[in-house]
Amino acid sequence: MSFGIEVNGRPFTQEPRPGQCLRTYLRERGWFGVKKGCDAGDCGACTVHVDGEPVHSCLYPAFRADGREVTTVEGLASEDGELHPVQRKFLDAQGFQCGFCTAGFLMTTAALDDDQLADLPRAFKGNLCRCTGYRAIEDAIRGVCHAEAPSAGEAVGRNLPAPAGPQVVTGTARYTFDVDIPGMLHMKLLRSPHAHARILAVDTSAALRVPGVHAVLTHHDAPERHFSTARHEHPEEGCRLVEVTYDVLPAVVDPEEAMRPGAPVVHDKDAATARISRPQENVVGEAHGEIGDVEAGFAEADTVYEDTYRTQRVQHASLETHGAVAWFDQDGRLNVRTSSQTPFLTRRALCALYDLPPERVRVVAGRVGGGFGGKQEMLVEDIVALAVLRLRRPVKLEYTRAEQFYGATTRHPFTIRVKAGARRDGTLTALQLRVVSNTGAYGNHGPAVMFHSVGESMAVYRAPHKKVDAFSVYTHTVPAGAFRGYGLGQVMFAVESALDELARRVGLDPLEFKAKNIIGPGEPMITAGGEEEDLHIASYGLDQCIGIVRRAREEPVSEPVPDGWLVGEGTALAMIATGPPGGHIADARAALLPDGTFDLAVGTAEFGNGTTTVHRQIAAGELATTVERITVRQSDTDVVKHDTGAFASTGVVVAGKATLRASRALADMLLDFAAATLRVPRADCRLVEEAVAHPGGRLTLKELYEAARAVGVTCAADGHFGGTPRSVAFNAQWFRLAVDPGTGEIRILRSVHAADAGKVMNPMQCRSQVEGGVAQALGATLFEHVRVDARSEVETSAFRRYRLPQYADIPRTEVHFMETADAIGPLGAKSMSESPFNPVAPAFANALRDATGLRFTELPLTRDRVWLALDAAGVTSP
């Protein structure tokens with residue numbers, strides 16, 4: 001019998017391969033709106049309709065679709081292009097960020113009846129979003145409209161929609177693998193089953209006999225060069241048949257044990273050449289510093305508190321896994337299309353590894369399906385490039401969800417010993433930290449995360465005596481890397497919890513105790529290592545953040561609390577630098593096009609951080625036009641000189657400043673040329689929509705372009721910013737929660753977040769960034785944990801075992817923006833993508849302490865852990 005299937009009204013008769021799922025069948029036929037997020041039916045990104053019923057196509061056998069009608073997100077709109085009502089609602093509410101999950105949510109929502117719409121927590125139990133915090137998705141479904149209509153020259157500060165929105169909701173936005181390259185080969189990695197072993201032999205003969213295997217690449221094929229994956233400035237059967245002989249060696253998984261004499265050495269290298277602090281003791285980096293005399297400071301204190309805090313491994317869990325596809329173009333250039341936050345740094349690394357000139361390598365990041373710091377790594381591009389250089393064929397390598405857990409990076413686990421002292425009046429006298437960070441099997445971002453972790457977490461508080469001893473340590477475990485907050489969240493959990501406890505022991509309200517000791521405007525930011533010269537408080541809104549929390553606490557309690565539950569509230573503060581030390585480069589180029597519209601080329605990547613929207617707003621404001629008249633080209637090494645990357649809170653404050661300078665320079669150029677052409681004073685000319693106005697009339701931008709072209713003038717300008725000086729942003733998080741002492745269940749009654757982002761470029765978008773940060777942090781606070789067993793094997797290699805926050809888990813956080821304008825950031829803006837994450841865990845822990853009287857010092861605060869502690873302490877209902 002012949003096979004037949006109808007997809008979005010089009011018939012297909014090619015039979016699926018044995019065992020093929022519907023998702024891959026659809027994608028192979030060009031329906032790229034169907035996404036791969038988990039391959040296990042956990043995330044819902046692949047949801048399609050089969051005869052009108054929503055199914056997870058990664059679990060649905062393709063042969064079962066025989067004789068059926070399949071609808072993907074591309075088929076929701078009518079034949080004349082009119083959007084489905086659900087698509088329109090998601091556009092109006094901007095119910096997405098990176099957009100990788102959006103097609104799944106659209107397909108699920110479009111099939112819901114009224115009863116199901118009334119119970120969204122149950123309706124969305126099969127759909128995950130890592131970016132939004134779910135509020136924007138709920139607003140979309142409820143028909144709330146947030147997006148504003150654009151107007152010329154009035155862009156900054158308004159809720160203008162993301163330029164890629166129509167493509168996101170129709171499934172036509174192109175992510176890394178949403179391309180069809182003829183002749184593409186598929187690559188697979190064979191991973192070691194041992195935490196620590198020496199390879200004695202590799203036999204590839206059996207693998208090479210498998211049909212379809214073109215090559216097996218080993219270390220013999222790779223250049224003999226050490227490099228870090230960190231970026232700052234085919235069939236599986238063949239893979240299984242590669243035979244590797246190992247000499248299994250002892251492994252170490254605990255960083256404290258790794259530093260002890262006689263522990264197995266992870267990397268036996270020379271310290272000087274490897275830039276490792278003490279390789280024979282597994283210390284990749286360390287920091288030691290003291291301001292004042294902490295012992296004297298503790299002697300001055302009336303109360304001293306000391307305890308040890310621990311944070312766990314957390315996976316970034318971006319729904320688009322790591323991957324890249326590479327090929328040679330017709331000019332013989334190596335092209336790499338990758339899911340990366342750092343295309344320019346990746347190109348630099350590839351050129352260095354393979355002795356290639358930069359002009360022969362192009363790296364492009366399409367729309368990236370989430371990052372959170374995890375894609376500030378070069379985990380796949382080097383291997384794909386090696387295969388392409390060897391085979392001269394297009395090659396694709398895409399991580400599975402399991403590989404994302406054991407082959408990518410995680411958040412660094414930290415152990416923090418805190419000691420803090422204060423006088424009876426609440427004056428902080430001394431603060432001391434001993435920090436041990438587990439960087440895993442490779443250094444990656446280890447030293448940098450360690451240094452950053454003890455920076456703003458200490459500098460936000462005044463104390464005459466401060467001391468830090470910090471270590472970044474190798475272990476034979478899954479490597480850690482960059483993660484939202486870059487170490488600050490881990491140490492802030494300890495510091496903010498410790499100061500809350502110290503305040504209680506002094507007899508003061510924890511919020512007022514912190515308010516008394518926080519850094520003020522104009523004060524130097526001092527850590528135990530001294531003062532960072534290029535870091536400034538260029539605007540100050542921390543006092544306003546505290547005021548928001550005070551008002552929230554004073555408002556009457558309206559949330560219902562079950563009988564016998566314990567209720568408490570807690571606050572935490574946070575400060576973060578808007579950019580990394582040592583500079584962060586961004587280039588931009590703005591140009592007038594023949595039709596009178598504008599082209600804006602920027603290097604930074606878009607992965608739901610919203611930089612594309614903001615850059616268009618900045619440019620529109622400077623060029624007195626509407627955002628629709630600006631086309632953005634980005635994250636492509638061919639479009640601008642250089643961009644360090646979309647990380648370290650720099651998308652707005654660094655790349656945005658380059659965009660501002662380029663747009664402003666172009667505006668000046670256009671006015672200068674118009675004045676000279678018209679022979680009128682420059683002061684009489686002004687940019688308006690589609691023209692330059694002057695007392696005698698208007699010169700349209702089309703006319704201006706033609707006039708410039710006639711005399712050989714290119715209407716384009718460049719903008720550059722080196723990332724220094726830097727400012728700081730502030731945040732405060734407050735929770736009221738209830739705890740059932742009989743079960744350990746915790747319910748969040750109210751969540752309030754105050755954010756000092758300077759001039760907020762797009763309130764709708766910035767609010768979603770805050771909500772997403774809070775939601776991700778709640779996952780890390782309550783249940784997310786990459787578990788590693790005694791053999792260093794990752795036990796949580798699927799979403800259903802890892803437990804990501806679902807719709808039902810996340811409260812609606814009330815987000816408040818402070819009234820400040822930064823003296824350094826573009827048009828007064830500061831960063832606000834990373835920082836909301838940092839105060840969430842300590843605020844939650846402080847509220848839990850307030851409710852139960854118990855201080856929890858280890859994350860995550862799982863229900864069983866809470867219940868066991870309550871039961872052991874004999875805590876019962878009030």
Q: Check Thr24 against Cys21 and note the closest heavy-atom contact, atom names and distance.
A: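 Smallest heavy-atom distance, with atoms named: OG1-O, 3.2 Å.
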Q: Please name the residue in the list Arg313, Arg411, Glu795 that meets the side-chain contact (heavy atoms from CB on, under 4.5 Å) test with Val786.
A: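 Testing Val786 for a side-chain contact (heavy atoms from CB on, under 4.5 Å) against Arg313, Arg411, Glu795 leaves exactly one candidate, Arg313.
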Q: Is there a side-chain contact between Ile181 and Lys396, using heavy atoms and a 4.5 Å cut-off?
A: no
Q: Under 30°, 30 to 60°, or over 60°: which ring-plane class applies to Phe12 and Trp31, parallel, tilted or perpendicular?
A: perpendicular
Q: How close do Leu391 and Ala215 get, heavy atom to heavy atom, and via which atoms?
A: CD2-CB, 3.7 Å
Q: If you round to the nearest 0.5 Å, how far is CG of Asn8 from CG of Leu26?
A: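 CG of Asn8 is found 8.5 Å from CG of Leu26.
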Q: Could you give the distance from CZ (Phe647) to OG (Ser833), rounded to the nearest 0.5 Å?
A: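 Those atoms lie 14.0 Å apart.
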Q: Might you work through the side chain to side chain contact (heavy atoms under 4.5 Å, CB included) test for Leu190 and Glu243, ending with a clear yes or no?
A: CA-CA 10 Å; Leu190 177 66; Glu243 296 183 7; over 6 Å; no
Q: Where the side chain of Glu606 meets the backbone of Thr611, is there a donor-acceptor pair that is under 3.5 Å apart?
A: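 Yes, because the side chain of Glu606 sits within donor-acceptor range (under 3.5 Å) of the backbone of Thr611.
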Q: Check whether Tyr354 reaches the backbone of Asp382 with its side chain - one donor and one acceptor, N or O, closer than 3.5 Å.
A: yes
Q: Sub-3.5 Å donor-acceptor pair from the side chain of Thr644 to the main-chain atoms of Ile585, do we have one?
A: yes
Q: I'd like to check Ser57 versus Thr47 (side-chain heavy atoms, cut-off strictly below 4.5 Å). Are they in contact?
A: no
Q: So, Asp355 and Arg225, do they make that salt bridge, N to O below 4.0 Å?
A: yes
Q: Got a donor-acceptor contact below 3.5 angstrom from the His642 side chain to the Leu345 backbone?
A: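 Side chain of His642 to backbone of Leu345, a donor-acceptor pair under 3.5 Å: no, none is there.
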Q: Looking at every non-hydrogen atom in both residues, tell me the closest pair between Ala586 and Ala658 and how far apart they are.
A: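 Minimum heavy-atom contact is O-CB, 3.5 Å.
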Q: Using a distance-only test with no angle check, is there a side-chain donor-acceptor pair under 3.5 angstrom linking Gln20 and Glu28?
A: yes
Q: Looking at Arg191 and Glu403, is any side-chain nitrogen of the basic one under 4.0 Å from a carboxylate oxygen of the acidic one?
A: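 A salt bridge is present here (some side-chain N lies under 4.0 Å from a carboxylate O).
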Q: Can you check side chain to side chain contact (heavy atoms under 4.5 Å, CB included) on Ile199 and Tyr246, steps first, answer last?
A: CA-CA 5 Å; Ile199 295 176; Tyr246 295 99; 3.9 Å; yes
Q: May I have the step-by-step check of side chain to side chain contact (heavy atoms under 4.5 Å, CB included) for Val363 and Glu381, ending in yes or no?
A: CA-CA 9 Å; Val363 177; Glu381 297 90 342; 5.9 Å; no
Q: Would you confirm whether Arg362, through its side chain, and Thr637, through its main-chain N or O, come within 3.5 Å as a donor-acceptor pair?
A: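 No.
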Q: Between Thr439 and Asn444, is any side-chain donor less than 3.5 angstrom from a side-chain acceptor?
A: no
Q: Output the distance between atom SG (Cys43) and atom CZ (Arg800), rounded to the nearest 0.5 Å.
A: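 Reported to 0.5 Å precision, the distance equals 11.0 Å.
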Q: How are the rings of His322 and Tyr399 set to each other: parallel, tilted or perpendicular (split at 30° and 60°)?
A: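 Correct class here is tilted.
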Q: Give the minimum heavy-atom separation between Pro580 and Ala648, together with the two atoms involved.
A: CD-CB, 3.5 Å
Q: Once you round to the nearest 0.5 Å, how far does OG of Ser228 lie from CD of Glu377?
A: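 Reported to 0.5 Å precision, the distance equals 6.5 Å.
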Q: Working note: Thr321 + Gln404, criterion side chain to side chain donor-acceptor pair (under 3.5 Å); need CA distance, chi angles, decisive distance, verdict.
A: CA-CA 6 Å; Thr321 60; Gln404 196 74 11; 4.5 Å; no
Q: So do His56 and Asp42 actually touch side chain to side chain, heavy atoms under 4.5 Å?
A: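 Asp42 does not reach His56 side chain to side chain.
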Q: Check whether Glu359 reaches the backbone of Arg333 with its side chain - one donor and one acceptor, N or O, closer than 3.5 Å.
A: no
Q: If only atom types and distance count, is the side chain of Asn335 paired as donor or acceptor with the main-chain N or O of Phe328 below 3.5 Å?
A: no
Q: His476 vs His196 aromatic rings, parallel, tilted or perpendicular, using cut-offs 30° and 60°?
A: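 The rings of His476 and His196 lie parallel, inter-plane angle below 30°.
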Q: With rounding to the nearest 0.5 angstrom, report the CD to OH distance, Glu834 to Tyr486.
A: 9.5 Å
Q: Show, in sequence, the C-alpha distance, side-chain angles and deciding distance for His316 and Phe483, and conclude whether the ring pair (Phe, Tyr, Trp, His ring centres under 6.0 Å) test is met.
A: CA-CA 7 Å; His316 305 81; Phe483 192 105; 4.6 Å; yes
Q: Does Asp331 come within less than 4.0 Å of Arg360, counting only side-chain N to carboxylate O?
A: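 Looking at Arg360 together with Asp331, the answer is no, because their closest N to O distance does not fall below 4.0 Å.
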Q: Could you tell me whether Glu784 and Arg130 have a side-chain N and a carboxylate O separated by less than 4.0 Å?
A: yes
Q: Do the numbers put Arg29 on top of the ring of Tyr25, so that NZ or CZ is under 6.0 Å from the six-membered ring centre and no more than 45° off the axis?
A: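 Ring-cation test returns yes.
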Q: If we ignore hydrogens and angles and just use 3.5 Å, is the side chain of Gln315 paired with the main-chain N or O of Thr409 as donor and acceptor?
A: yes
Q: Short question: side chain of Arg801, backbone of Ser797 - any donor-acceptor pair under 3.5 Å?
A: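 Not at all, since once roles are kept as given, no pair shorter than 3.5 Å links the two residues.
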Q: Any side-chain heavy atom of Leu356 sitting closer than 4.5 Å to one from Leu350?
A: no
Q: Does the side chain of Thr204 come within less than 4.5 Å of His220's, by heavy atoms?
A: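 Not in contact.
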Q: Taking all atoms of both residues into account, what is the closest heavy-atom pair of Thr650 and Gly645, and its distance?
A: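 For Thr650 and Gly645, the tightest heavy-atom pair comes out as OG1-O, 3.4 Å.
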Q: Measuring only between side-chain heavy atoms, which start at C-beta, is Asp599 closer than 4.5 Å to Arg633?
A: yes
Q: Should we say atom CZ of Arg791 is surrounded by more than 12 heavy atoms from elsewhere, each under 6.0 Å from it?
A: no
Q: With rounding to the nearest 0.5 Å, note down the distance linking CG in Leu106 to CZ in Phe96.
A: 9.5 Å
Q: Can you tell me if Asp789 uses its side chain to pair, donor with acceptor, with the backbone of Arg787 under 3.5 Å?
A: no
Q: Show the numbers, then the answer: is there a side chain to side chain donor-acceptor pair (under 3.5 Å) between Thr342 and Gln376?
A: CA-CA 6 Å; Thr342 59; Gln376 194 192 337; over 6 Å; no
Q: Decide yes or no for Leu22 and Ile5: does some side-chain heavy atom of the first lie under 4.5 Å from some side-chain heavy atom of the second?
A: yes
Q: Taking only Lys NZ, Arg NE, NH1 and NH2, and the carboxylate oxygens of Asp or Glu, determine whether Asp39 and Arg23 approach each other closer than 4.0 Å.
A: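 Yes.
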Q: Does Val55 reach the side chain of Val48, with side-chain heavy atoms less than 4.5 Å apart?
A: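 Val55 reaches Val48 side chain to side chain.
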Q: Assess the side chains of Thr108 and Asn127: does a donor N or O sit below 3.5 Å from an acceptor N or O?
A: yes
Q: Strictly by modelled atom types, are Gln97 and Thr132 linked by a side-chain donor-acceptor pair under 3.5 Å?
A: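 Side chains of Gln97 and Thr132: no pair found under 3.5 Å.
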Q: Check whether more than 12 heavy atoms from other residues, nucleotides or ligands sit under 6.0 Å from atom CZ of Phe799, and answer yes or no.
A: yes
Q: Where is the tightest heavy-atom contact between Val325 and Thr176, given as atom of each residue plus distance?
A: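 Heavy-atom minimum between the residues: CG1-O, 4.3 Å.
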Q: I'd like to know if Asp178 pairs up with Lys35 as an ion pair, taking the criterion as any Lys NZ or Arg NE/NH1/NH2 lying under 4.0 Å from an Asp or Glu carboxylate oxygen.
A: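 Salt bridge: yes.
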Q: May I have the step-by-step check of side chain to side chain contact (heavy atoms under 4.5 Å, CB included) for His615 and Thr604, ending in yes or no?
A: CA-CA 10 Å; His615 291 172; Thr604 193; 3.5 Å; yes
